[in-house]
Structure formats: structure tokens, C-alpha cells
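Let me begin by presenting the structure, written as C-alpha cells, before commenting on it.
The structure presented is a predicted model; accordingly, all values stated were derived computationally and were not measured.
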Amino acid sequence: MTTIAQLPTAASVGASDLLLLSQAGSLYAVKVSQLNADLQPLLSVPTGALLGRQSTGIGAPEALSVGTGLALMNGALSATGADHAGYPVQAAMSLSDDVVISNQGSPGLLPVAALRGLFTAGAGLSISATGVIAVTASAIAGPAGPAGATGPAGPVGPQGIAGPAGSGLTAPAAGNSVSSIAGSDYVAIWQNGANAWMPYSQLIGGQTINQLPAAAPASDSDALLVAQGSTSLSVQSFGALWIYMQGKLPSVKAGIVELTANTVLDGTAHNKRILIVSQPVTLTANYSNMGAGFSCTLINLSAGAVTLGTGITSGSGAVSLPPGASASLLGLSYSGGSMVWWNGLISNAPTITVASIAAPAPGASFTVTGGIFSDAPNALDYSTDGGVTWLAAPSPVITHDVYSFIAPGLVAGNYTIRVRDHANIAVMGVSNNFTIMPPSVAINTLPMAAIMNAALTVQGTVLPGNAAVEIGLSSSATVAPTSWVNAAVSNGAWSGAVTPTTMGTLYVWAQQTAATSVQAVSGALSIVTATLTISVPANGAAGTALTVSGTVTPATDAVNLQLSTQNTVAPISGWLVAANNSGSFNISLTPSVAGTYYAWAQDPATGITAVSSAIIVSAATPVSYTINNPGGSYTHGLGVIALNGGISPTQPVPTQVALSTSNTVAPATGWQAASNIYANTLWAVYYTTPAVAGNYYVWVETTAGAAQTVSSFTIAVV
């Protein structure tokens, strides 16, 4: 076999020369020009040029120019500050202005008002909050000179004539009255035969209550300061206060506290209260939190017994308070110790109570318990039909205050349990109502179709809530499956998965593992094979949308699509979601440049993909633009400018428009998409009026950056 190394070397290589290519397992010939079609051409860049991409979309690099205020020199891009020349001039600086600063190499803004923090006033100067610099007069005076010697005293002068009598210290006018007084206010005094003033804080001397002398034990004649009918102070004796309190005592009512959970009694929440127990609970006490003299009244209004537990001492030894009974609890402290005490005596008639019963499963035995008060039965009876029929409780365990026995299972239904003393049938207790539900299993709603050989998740509910569930598939809604799969069960809900392996109609079955007669069957499931087809045009043009369509099964699945230049490996990202109408989908995809393309489709639910036949995309049809003059004058930052022009030859080419004050350098930003109207003969756009006044040229090009055209006229923006 001849190897490549044994072949003669070609003297030169041309675009039409052929190479060997393996494609999809077959050997083909490929031209050198085809192989190199998508390669990036070698860039040839003149000195001092800056390359980038100012056109929208993917394409080759283009020469860029730098804007005002920037310069490209010796391979470095630097700021010249020339762009500042266009800034408006501010006549004066305001405290609300900001200045630009460099903070450790990072730009920032500094309020003008903060600049004052850099300056401090020197000796003899001050800076006001508004920035005014002033001279402090005292600072510029020279130092004080030395004091001279004291001269001799002069002779005493003659006594002057007596002045007229004064009017004395008059009361303030009514218009000067005040409603409160502060320590810094002044009060008038008479001192050494003359009027004077002193601060109120000095008058009271700051005396506090702990500076007063200690008083003896209080008596009825002792007095307190009170204000009656006004802010004026008067005195009232302790004896008078007691008379007032005696009149109020008959109206004092004890607070009521309801207890619904186990509680530790304390002096804060329960002292002098009436405690109503509405649920069978246990009460305990901590004497250190109650103290001597604590008292409360306890009333049991629940259906069961109240247990008086740790910390509570009973005179009779009883530890339970039956329904309808009451007791008084007292905090005592004496030479023998401290305790919380109740007499333990219960005056109620004999009573039997039945504790709350949770609904058991159908046919499952359950425990019945309760309390016994002032009674001592040797045997018990119970009834499940409201007392019509009584059965002997099997082997009851009976102590002096409680009982229990095991009741056999019941069928589904609503029940209360009655328990009575076999020897004294008048002593009877009644339980709560409870409902025994029949066993069941249910299947949640399923889709109408499922995929063959793909796992189908099935969920549902079950009663009793912990019953095991198994599921399976059958081609019949009446004949059970031949094989089953265990489902996971949690708190009455179950979940499992089955995999259909044949086409056609199947049914999901669910049944209780331990009671296979308890079953449920789903609606009919259509088992289908997942399919995906795709249809594309054979040809297209760069920049022009291609219509891609196809079908998907199941019909409700979403479909993702995109274009690729190869047809062997599916893309891993960049998918677009197609519109799906009952299993038929379509989407528009636009190739950016000429070449051979393939459309890929993907069903993310099933994971299957499909690839189209080749689409030969030619270069975009050359296009040229004309621009119509809208005329008129426009106010900067307000409204829009109606722009339009011609497209030749007529074609649906994506077009964009921008305004610029230059007709030689294309705009780098501000491009807005235009619409093709009148059968693609015109382009049109309502362009946002520029925010800066000036004379603007209109620039038009394709969205790929081709066929760039600039207007010969300008639009005045004032």
C-alpha cells in the first residue's frame, strides 16, 4: 500500500487543488479553498493603526479612530483633556458642586464644602460655616502691660440725697406666666434688706430622697404629698388612704387563667388567680417561685383528669383532680418546712374518664385508657355504638385511679368509646369522636402519553398512611400486572417509577402490598417512541433569516434549535427555543456570513437530537442606501426625528441608523434598528433626538456593518 510519504511533493498548491477528507465514514475530495474558507485571514496592519470591531455582529476587525480627548502615540492610548474644552463654563463655584480627585489612583468626587476641612484658622482668625474668614479682635491686641502701684485713698465725699422709695418686688404680669420650671430659671429672694435673684437649681440645692432623714414606722397620722384637682400640692394622711382602699376592695376581682398544657405554677402568673384547666394536663410547683401566702383556685373543666405532680403535697394522698372537681392550692411556710398544699379531698360523685383515642387502622386493635375517681370497679364494660350494646372489657388492668384494656379492631366508621363500671353501670365515661377510614390507595393524575423505554414517575396517596404500596403496568384496566415494583411511602404519600417497554396503550396499577384487594388503576396511557424531525431550505443568504420547522413526539415537548457549520457533533450551548404547536415547531435562524450550515434540533425532555441537511448560504446581496432629508429643526433631548430612505435592490436586509456630527468617522455608539417598509423598498426609524445640540449627519448601514452610507445634509438640533 502506498503511503503519503511515498507520494511526490507538489511544487505549488492552488485553491482548486484537492485533498482527501473522511466524512461520516466515507472518503471524499475537498478543495483547498473549501478547507480554508472559514479560517481567519492573515492581518496586515499599518503602523499606528488601532483595530477593533465597530460594526454589529461577528466579522473581521476594522480600523478604529480615537475620539476627542484621546491620543494614540508610540503604541499607547492616553488622555489629552481636549474633550474638556466642550464642557460648559460655570461662572461661580457653589458649596453643592463636586470636584474630580484621584484617590490612590482611583477617580472620585469631592464636595466643594469638604475642601474647608483642609484648612484651619490661625491665631487671630476664624472660618465660618459659609467659608468667611474673619479676624478675632482680641487676638491682635498687644499683651497687657505691668500693673502700676496702688495710689493713696482719696477723702470720703459728702453723703448724697436719699432716693425715692422703691415699688418693691412686683409679681410677674399674667402674660409672663409659665407652666413649668427648669433648674436654669431664676427665682426672686429677699436677702439682707435687698431684692435678689438666684437659679432654681441653687434654691432646691439638688437634694435627693436618699439625703432625707429616715422616718419611723408609718402610722395613720403620717402624711404624703398629693395633687388634688390641680398641680398644687397638699398633704394626705395614711389613715385617709386606708379608708380610700377599703372602698375599692369590694370591686377587686380575681384574674382567670386558662391552662391547656403541662404547667409549672409560679407566683407571677398564677397567684390569686382562678385557674381553669380545659385539657387533661399535669401541674407541678416550685415553692421558691411562689412563696408563703401564695393561693389559687383550680377548676378542672376538661374531659380527663388533672395530675397534681412534683412540688404539690396532698392531705389525702390523691394525685388526680377528676373532671368537674375543684381544689385550692396554698403556699405554706412553718416550723416544719415549706410546701404547696391542697387537701386532696374530692367531693364529686364516682367518675370514670376515657383518654383521647387516635383513630386506628381498620381491624387493628387499640388501647383504651382512663381515670377512676371515688370508685373501685373490679370489671369494666365498653360500648362502640352509643351505649346500645355493651361488651366486657378484655382483661382490664385496674388500679385505684387508672385503668387500661385492649379493644379489638373495628371496621371503618365514626365512633366514640363508652366505658362503665360493670358493677355500677351509672358510673360511665365517654371518649372523643374518632373516624376509622377504610383502606385505600390512589394514583395522582398522569400525562396522556409516555415514552417507551423511559422511566415514568408515578405518585399517589394511601390509607393507612404507613401501608406499603407496589405499582405495575398492564395492557388492561381490568387484568392486574404480572410484575410489581415497590413504591416509597411517607406519611400517607407514595412515589415510584415504572418503565414501559412496548408500544400501545398501558395502564398503571397500584395496590397495598399487604392487602392486594385495595387497588387503583390509572387512565389509559399512550406509549409512544420519541421522535424529532427537522426541515430546512436548501439555500439562504447571509444576514437573511432562515425558516426552520419540524415535528416532535411527544407533542408537548419543548424543542431547542440552532445553526452550526458541522453536522457530526451536537452543540453544547447557545440553543434557542422554538414555538411548538401540538407537536409542530418552527423558528427563524439567521446566518451571519456565507458558508455551509446545518440546523440542529434537541428535545431536552427525551435527550434526542436531529440534524438537517446542508444549507448553502451565499454572501449577502450587495445593497445600497439613500437617505431622505427630514428637514426642520429639533430640540435636543426632546422627542424623535422621523428618518427614512431607499433600499436598492429591494430586499429584507436588517438595517441600522445613527447620527453623528462627523461625516467622515462612523459613529461608535447610538445605532438604532430601522424597519423595512413598502415591500422592502424603504427603511424607516423614529430616531431619538440627541441630548446635545449640534448639526448631525445621518449614517445608515446593515446590521452586519456593510453598505455604510452617510447623508450629504445635516439635521439641526438646537
Side-chain angles (χ1 to χ4, degrees), residues 46 48-57 59 61-73 77-92 97-98 100 543 622-651 653-678 680-718:
L50 179 65
L51 289 185
R53 177 73 179 164
Q54 62 178 338
S55 302
T56 59
E62 301 168 352
L64 301 178
S65 61
V66 297
T68 304
L70 296 175
L72 183 61
M73 185 178 298
L77 188 65
S78 59
T80 65
D83 56 324
H84 300 172
Y87 290 180
V89 177
Q90 184 167 311
D97 293 343
D98 296 324
V100 179
V623 65
S624 63
Y625 294 106
T626 60
I627 304 171
N628 298 326
N629 190 342
S633 178
Y634 302 87
T635 303
H636 71 90
L638 294 178
V640 295
I641 304 173
L643 300 175
N644 59 62
I647 303 173
S648 180
T650 300
Q651 56 184 294
V653 58
T655 302
Q656 60 186 15
V657 181
L659 297 184
S660 173
T661 55
S662 171
N663 64 347
T664 58
V665 179
T669 59
W671 293 96
Q672 295 183 18
S675 300
N676 292 354
I677 60 176
Y678 295 116
N680 300 316
T681 61
L682 288 177
W683 61 265
V685 64
Y686 285 104
Y687 194 91
T688 303
T689 304
V692 179
N695 293 317
Y696 289 85
Y697 292 91
V698 182
W699 288 76
V700 184
E701 66 180 18
T702 69
T703 55
Q708 200 170 77
T709 306
V710 62
S711 67
S712 59
F713 57 86
T714 59
I715 299 173
V717 177
V718 299

If you look only at pairs with a residue in residues 708-718, which of them pass as a side-chain hydrogen bond (donor to acceptor under 3.5 Å, both in side chains), with sequence neighbours excluded? Glu701-Gln708
Within a strict 4.5 Å, meaning less than it, do heavy atoms of the Leu659 and Ile641 side chains meet? yes
Identify, with sequence neighbours excluded, every residue that meets side-chain hydrogen bond (donor to acceptor under 3.5 Å, both in side chains) alongside Ser660. none
List in chain and number order the residues that pass side chain to side chain contact (heavy atoms under 4.5 Å, CB included) with Asp98, two or more places apart in sequence or in another chain; answer none if no residue qualifies. Leu109, Pro111
Atom CG of Asn676 and atom CG of Leu682: how far apart are they, to the nearest 0.5 Å? 9.0 Å
Residue set satisfying side-chain hydrogen bond (donor to acceptor under 3.5 Å, both in side chains) with Asn629, at least two apart, ordered chain then number -> none
Checking Ala706 now: which residues fulfil side chain to side chain contact (heavy atoms under 4.5 Å, CB included) with it, not counting sequence neighbours? Thr702
Only counting residues at least two apart or in another chain, list the ones meeting side-chain hydrogen bond (donor to acceptor under 3.5 Å, both in side chains) with Thr664. Ser662
Listed partners of Gln672 passing side chain to side chain contact (heavy atoms under 4.5 Å, CB included), at least two apart: Val685, Tyr687, Thr688
Decide side-chain contact (heavy atoms from CB on, under 4.5 Å) for Tyr625 and Ile647; before the verdict, give the C-alpha distance in whole Å, the side-chain angles of both, and the deciding distance to 0.1 Å. CA-CA 5 Å; Tyr625 294 106; Ile647 303 173; 4.1 Å; yes
Flag the pair Ile627 / Leu643 as yes when at least one side-chain heavy-atom distance between them is below 4.5 Å, and no otherwise. no
Please enumerate all residues that pass side chain to side chain contact (heavy atoms under 4.5 Å, CB included) together with Thr681, with sequence neighbours excluded. Thr650, Tyr678
Identify, with sequence neighbours excluded, every residue that meets side-chain hydrogen bond (donor to acceptor under 3.5 Å, both in side chains) alongside Tyr696. none
Whether Trp683 side chain and Thr626 backbone form a donor-acceptor pair below 3.5 Å: yes
Just grab all the side-chain hydrogen bond (donor to acceptor under 3.5 Å, both in side chains) pairs involving residues 633-643, residues at least two apart or on different chains. none
Are the side chains of Pro630 and Phe713 in contact, using a 4.5 Å heavy-atom criterion? yes
